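Computed from a predicted model, the values in this text were never measured in an experiment.
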Amino acid sequence: MSFTGKYELQHQENFEPFMRALGLPEDQIQRGKDLKSISEIVQDGKNFTVTVTTGSKVMKNQFTIGEESDIEMLNGEKVKAVVQMEGNNKLVTQVKGMKSVTELNGDTITYTMTMGDLTLKRVSKRI
């Protein structure tokens with residue numbers, strides 16, 4: 001199953017408390033909570049490029065499954081991470097005590113990030 005495509009955020013859960021836990025300033029949280037982000041994913045075998053555009057902010061990450069890569073987190077921090085694929089539709093990584101799962105089901109991508117007992121869930125549809 002190929003992840004390649006453009007996806008528009010439909011809804012999200014726990015955005016504000018999760019961003020506060022990441023240390024984002026309140027003004028950025030309030031500006032970002034209602035913006036509809038567009039995610040563009042290009043998959044070439046094990047190589048991925050993920051570009052997320054939210055308002056005027058563009059975040060681009062490139063990685064290869066199973067190899068250490070530099071990843072920009074939601075708060076702008078850059079970290080080293082290894083992304084693994086589970087089955088043919090799930091990308092999983094652990095970063096700084098957080099577990100990130102991106103799951104593709106048909107035309108829907110569900111992104112969950114868990115930190116302790118707090119989970120951010122974002123659901124996007126292919127456009």
Side-chain angles (χ1 to χ4, degrees):
M1 184 176 291
S2 176
F3 281 78
T4 297
K6 274 189 176 183
Y7 303 86
E8 182 177 33
L9 179 66
Q10 300 298 303
H11 66 272
Q12 58 191 358
E13 299 167 11
N14 289 328
F15 177 81
E16 292 176 69
F18 198 88
M19 292 301 126
R20 284 187 194 105
L22 278 179
L24 250 64
E26 192 64 30
D27 62 323
Q28 285 184 21
I29 293 170
Q30 293 308 313
R31 280 196 315 263
K33 71 178 183 175
D34 295 320
L35 292 176
K36 293 289 188 192
S37 65
I38 302 287
S39 300
E40 183 172 8
I41 301 174
V42 177
Q43 178 184 359
D44 181 12
K46 292 178 143 190
N47 300 307
F48 284 77
T49 301
V50 179
T51 306
V52 180
T53 304
T54 307
S56 61
K57 181 173 171 36
V58 178
M59 185 174 69
K60 184 174 185 177
N61 286 310
Q62 294 178 301
F63 58 89
T64 300
I65 297 297
E67 294 182 14
E68 187 176 77
S69 303
D70 290 315
I71 302 289
E72 183 179 351
M73 294 178 39
L74 293 171
N75 63 358
E77 183 181 356
K78 296 204 189 252
V79 296
K80 298 227 181 263
V82 177
V83 180
Q84 301 291 350
M85 185 172 276
E86 292 182 4
N88 66 352
N89 71 327
K90 196 181 285 188
L91 302 172
V92 180
T93 192
Q94 298 260 357
V95 179
K96 296 187 78 170
M98 292 177 277
K99 181 177 183 180
S100 169
V101 178
T102 304
E103 186 171 4
L104 177 64
N105 284 310
D107 286 337
T108 302
I109 281 192
T110 303
Y111 170 79
T112 54
M113 188 168 247
T114 305
M115 180 172 46
D117 60 357
L118 195 56
T119 299
L120 168 67
K121 181 177 179 182
R122 296 167 56 93
V123 178
S124 300
K125 292 269 191 202
R126 192 182 304 259
I127 54 174

#### Entry: From L22 atom CG to M115 atom CE, the distance as rounded to the nearest 0.5 Å
4.5 Å
#### Entry: Interatomic spacing from OG1 in T119 to CD in E13 - rounded to 0.5 Å
9.5 Å
### Query
Roughly how far, to the nearest 0.5 Å, is the NZ atom of K96 from the CE atom of M73?
6.0 Å
### Rounded distance (nearest 0.5 Å) linking atom CD of Q10 with atom CD1 of I109
12.0 Å
### Closest approach of K121 to T110 (non-hydrogen atoms, all atoms of both residues)
CE-CG2, 3.8 Å
### Task
Check A21 against L118 and note the closest heavy-atom contact, atom names and distance.
CB-CD2, 3.9 Å
### Task
Using atom types as modelled and distance alone, determine if a side-chain donor or acceptor of E26 lies under 3.5 Å from a backbone N or O of Q28.
no
### Task
Could you point out which residue of Q62, K78, K80 forms a side-chain hydrogen bond (donor to acceptor under 3.5 Å, both in side chains) with D70?
K80
### Query
Do R122 and S39 have side-chain N/O donor and acceptor atoms under 3.5 Å apart?
no
### Query
Does F3 belong to the same Ile/Leu/Val/Met/Phe/Trp/Tyr cluster as I65, with side-chain heavy atoms less than 4.5 Å apart forming each link?
yes
### Task
List for me each residue that meets side chain to side chain donor-acceptor pair (under 3.5 Å) alongside K33, sequence neighbours excluded, and say none if there are none.
Q30
### Query
Can you tell if the side chain of K99 reaches within under 4.5 Å of the side chain of T112, non-hydrogen atoms only?
no
### Query
Under the 3.5 angstrom rule, does the side chain of N89 hit a backbone N or O of L104 as a donor-acceptor pair?
yes
### Query
Quick one: side chain to side chain donor-acceptor pair (under 3.5 Å) partners of T53, sequence neighbours excluded?
none
### Summary
With sequence neighbours left out, the residues meeting side-chain contact (heavy atoms from CB on, under 4.5 Å) with V50 are I41, V52, F63
### Task
Check whether any side-chain N or O of R126 sits under 3.5 Å from a backbone N or O of T4 as a donor-acceptor pair, and report yes or no.
yes
### Query
Is any side-chain heavy atom of F48 closer than 4.5 Å to a side-chain heavy atom of N61?
no
### Task
Can you measure from NZ (K36) to CD1 (I127) and round to the nearest 0.5 angstrom?
12.0 Å
### Query
Do side-chain atoms of E16 reach the backbone of N14 as a donor and acceptor pair under 3.5 angstrom?
no
#### Entry: Verdict with reasoning, M98 to F18, per side-chain contact (heavy atoms from CB on, under 4.5 Å)
CA-CA 11 Å; M98 292 177 277; F18 198 88; 4.1 Å; yes
### Task
Find the distance between CZ (F15) and CZ (R20) and round it off to the nearest 0.5 Å.
10.0 Å
## Note on the structure
Nearest heavy-atom contact between T102 and Y111 is OG1-CD1, 3.4 Å
### Message
Let me check something: do M19 and V79 share a hydrophobic cluster, defined by ILVMFWY side-chain heavy atoms less than 4.5 Å apart, either directly or through other members?
### Response
yes
### Task
Following the transitive rule for hydrophobic clusters with a side-chain heavy-atom cut-off under 4.5 Å over Ile, Leu, Val, Met, Phe, Trp and Tyr, establish whether Y7 and M85 coincide in one cluster.
yes
### Query
Between T93 and V82, is there a donor-acceptor pair closer than 3.5 Å when you use the side chain of the first and the backbone of the second?
yes
#### Entry: Flag side-chain contact, heavy atom, 4.5 Å: L9 against L35
no
### Query
Between M113 and S100, what is the shortest heavy-atom contact and its length?
CE-CB, 3.9 Å
### Message
A quick test of your reading: do over 12 heavy atoms of other residues, nucleotides or ligands sit less than 6.0 Å from NZ of K60?
### Response
no
